[in-house]
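This report concerns only the one structure given below.
Here the structure is a predicted model, which is why all the values come from computation and not from measurement. When reading the values below, keep in mind they use all heavy atoms of this one structure, side chains included, and skip hydrogens, waters and symmetry mates.
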Amino acid sequence: MQLIKILPRTLKGRLIATVISLVALACLVTTAIALEIAYQEMQQSTGRQQYALLTSAALHLESELDAKRALLETIAEEISAQQIQDPLSLQKLLSQHPRLATAFLDVIALNGSGQITGDLKETSDVVRSQFTEKNYLEATLQKQRGILSEPIISSLTGRAIVLITHPVRDSKGKIVLVLAGGIDMEDPDFFGHIARLRPNATGYIFALTRKGMILNHPNRQLLARNIGNQYPLDIDRKKHPFYGWEGWTLAEDDTEKSTILTFKQVRGPQWILGSSFPGEEAFAGIEKARRYAWACALAVALLAGLIGWAMMIVLLKPLRTLRRHVIAVERNGADIEVLDISRKDEIGALGRAFHSLSVKRLEAEKKLERISQTDVLTGLGNRRQFTQQVDAIVERAGLCCQGLSVIFLDVDKFKEINDVYGHATGDMVLAEFARRLLSAVRPTDRVYRYAGDEFVIVSEGMSSTERARQFAMRILERIREPFESNQGTLHVTTSIGVAVARFPIPPVDFMMQSADAALYKTKRSGRDACTIELVN
């Protein structure tokens with residue numbers, strides 16, 4: 001109901017409001033759908049881009065680790081081939097190798113008893129201290145192969161490192177030495193190279209093990225911290241990176257802001273590379289485009305609404321013209337031909353409908369007027385028609401300087417006919433009486449059924465009493481002829497009173513009174529006769 005109240009009252013206003021609303025709605029819905037599609041595509045594109053970036057970084061890490069393992073394996077093979085066991089020769093081999101110093105933070109060699117028999121950097125205790133603190137020697141001997149340690153924060157440098165071990169075997173395949181190399185997680189050629197691939201100014205790349213130990217992170221306080229399954233990811237177990245899932249997802253960070261988190265598994269060492277890309281920066285472009293799109297959509301909707309308004313005014317012009325014509329026909333009495341019924345469109349159809357209704361209305365009004373002024377039983381004019389026409393007849397006779405006769409007559413003893421033969425026979429007598437009157441009068445005479453069995457005849461130009469008498473006698477003769485009915489033959493007579501006026505014609509009321517008085521004289525004198533009165 002409230003919506004109806006605020007709508008314009010006119011059809012034009014409602015059509016314009018509807019057009020503007022529909023155009024605005026279409027623009028806004030189309031813009032919203034397009035922006036949502038663009039937003040989703042932006043998410044997919046950014047997620048795929050980040051995943052491709054991490055895939056490249058993962059391959060780099062795998063190749064770096066493989067290269068470092070291969071280097072330790074080469075050293076182990078050289079030691080085995082040369083059967084080096086004394087510390088001096090071992091130290092010389094390690095210190096003179098061209099790639100060890102750049103590939104590792106430090107490399108040491110231990111015998112089966114855990115004694116260090118060689119050290120790449122004798123002045124560095126980084127690897128030595130960590131290796132002796134953790135039982136990596138025993139783990140290597142037990143597994144009979146090289147291992148990769150969990151990340152360790154060096155107590156000497158405060159930097160995160162991991163250790164790679166590789167066994168050295170004699171000719172019989174027995175492990176005689178274990179080589180251990182330390183890798184600096186912040187080495188520019190290792191994770192440092194990957195860190196430079198961060199998504200944007202505030203985004204970053206990080207690395208952790210599948211157990212949740214952080215290998216690399218821009219926040220150095222998080223290094224080597226085990227976050228386990230508490231990492232803030234709103235995804236199920238099947239899509240958790242700790243269980244082998246890789247890909248990208250939208251999540252909320254610690255500040256409840258949207259961020260794109262991407263994960264890639266580093267297959268060899270069972271590490272996980274991840275990137276965090278803040279949503280407000282990742283989608284800054286689409287957000288800017290969204291604002292512009294909404295502004296453009298509103299502008300287009302407004303422009304389309306104005307064009308629609310102008311078009312409605314033009315298109316509804318014929319309808320306004322039709323409305324004016326209908327009002328002219330209805331209120332001002334204009335001819336219905338002013339309605340344009342030749343158009344081939346809806347306006348023409350509406351004009352033809354109005355034209356048809358107007359024609360039918362006029363016919364109905366004429367029919368109603370005829371019914372209201374015509375006696376249903378006899379088809380003669382009734383008392384209303386007599387009242388409306390007699391003044392004009394008198395005026396016309398006066399203008400032509402002619403006389404006028406008013407003849408008043410009724411059916412003699414009509415009440416007895418009704419009482420004896422019934423009203424149906426009485427109606428038949430009245431109808432036949434009227435027919436005989438019409439056959440007896442002149443074409444210019446007017447015959448009316450005045451009331452009940454009373455009839456009035458107005459004859460223009462009849463100003464002679466003798467002519468009036470002859471006219472009355474002709475009527476008497478016609479009425480005296482037998483009436484045939486279903487009750488048998490009836491003998492019907494009439495009494496006539498005639499008021500004859502010469503020019504100038506007296507008032508109608510006076511003429512009627514004179515004719516009525518003459519009628520009653522006839523009845524008193526015995527009926528079936530006429531009485532003539534000259535009124536001037």
Side-chain angles (χ1 to χ4, degrees), residues 1-47 250 257-258 279-368:
M1 293 301 294
Q2 295 297 326
L3 179 60
I4 295 176
K5 290 181 180 179
I6 64 176
L7 285 175
R9 294 184 178 180
T10 63
L11 175 61
K12 179 181 73 174
R14 293 183 178 182
L15 287 175
I16 291 173
T18 301
V19 169
I20 293 176
S21 300
L22 290 177
V23 170
L25 180 62
C27 289
L28 295 179
V29 170
T30 303
T31 301
I33 293 174
L35 286 174
E36 182 60 26
I37 294 174
Y39 188 77
Q40 295 294 331
E41 185 59 32
M42 185 69 175
Q43 286 183 352
Q44 296 289 334
S45 176
T46 305
L250 273 179
K257 291 183 178 180
S258 176
E280 60 182 12
E281 296 187 32
F283 308 127
I286 194 66
E287 289 296 336
K288 184 178 180 180
R290 177 178 291 180
R291 291 192 295 270
Y292 282 123
W294 281 121
C296 292
L298 291 174
V300 169
L302 179 60
L303 179 60
L306 293 175
I307 295 175
W309 173 74
M311 291 181 63
M312 277 297 170
I313 291 177
V314 174
L315 294 176
L316 292 177
K317 184 178 180 180
L319 189 60
R320 295 196 302 272
T321 303
L322 177 62
R323 177 174 176 269
R324 289 198 303 271
H325 290 162
V326 171
I327 293 175
V329 171
E330 179 183 4
R331 300 179 182 176
N332 304 328
D335 192 272
I336 59 174
E337 298 304 322
V338 299
L339 299 175
D340 185 4
I341 60 176
S342 62
R343 294 177 63 99
K344 302 300 182 182
D345 56 5
E346 291 80 358
I347 303 298
L350 190 59
R352 288 188 288 275
F354 277 122
H355 185 275
S356 177
L357 288 175
S358 299
V359 170
K360 290 179 180 179
R361 188 191 70 176
L362 290 175
E363 291 176 351
E365 288 176 350
K366 291 178 181 179
K367 183 177 180 181
L368 183 61

Side-chain donor-acceptor pairs of residues 22-32 under 3.5 Å, sequence neighbours excluded:
from: T30; atom 1: OG1; to: A26; atom 2: O; distance (Å): 2.6
from: T31; atom 1: OG1; to: C27; atom 2: O; distance (Å): 2.6

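Sorted pairs that involve residues 16-36 and meet salt bridge (Lys or Arg N to Asp or Glu O under 4.0 Å), not counting sequence neighbours, are lacking altogether. Within the structure, the ring-ring contact (aromatic ring centres under 6.0 Å, His included) test picks out the following pairs touching residues 19-47 (sequence neighbours left out): Y39-F283. Under the salt bridge (Lys or Arg N to Asp or Glu O under 4.0 Å) criterion, no residue pair touches residues 299-314, with sequence neighbours excluded. Applying the side-chain hydrogen bond (donor to acceptor under 3.5 Å, both in side chains) test to residues at least two apart or on different chains, none of the pairs has a partner in residues 291-304.
For I37, the side chain to side chain contact (heavy atoms under 4.5 Å, CB included) partners at least two apart in sequence or on another chain are I33. Legend: residues meeting salt bridge (Lys or Arg N to Asp or Glu O under 4.0 Å) with E41, ordered by chain and number and at least two apart, are R48. Applying the side chain to side chain contact (heavy atoms under 4.5 Å, CB included) criterion to L303, with sequence neighbours excluded, gives I307.
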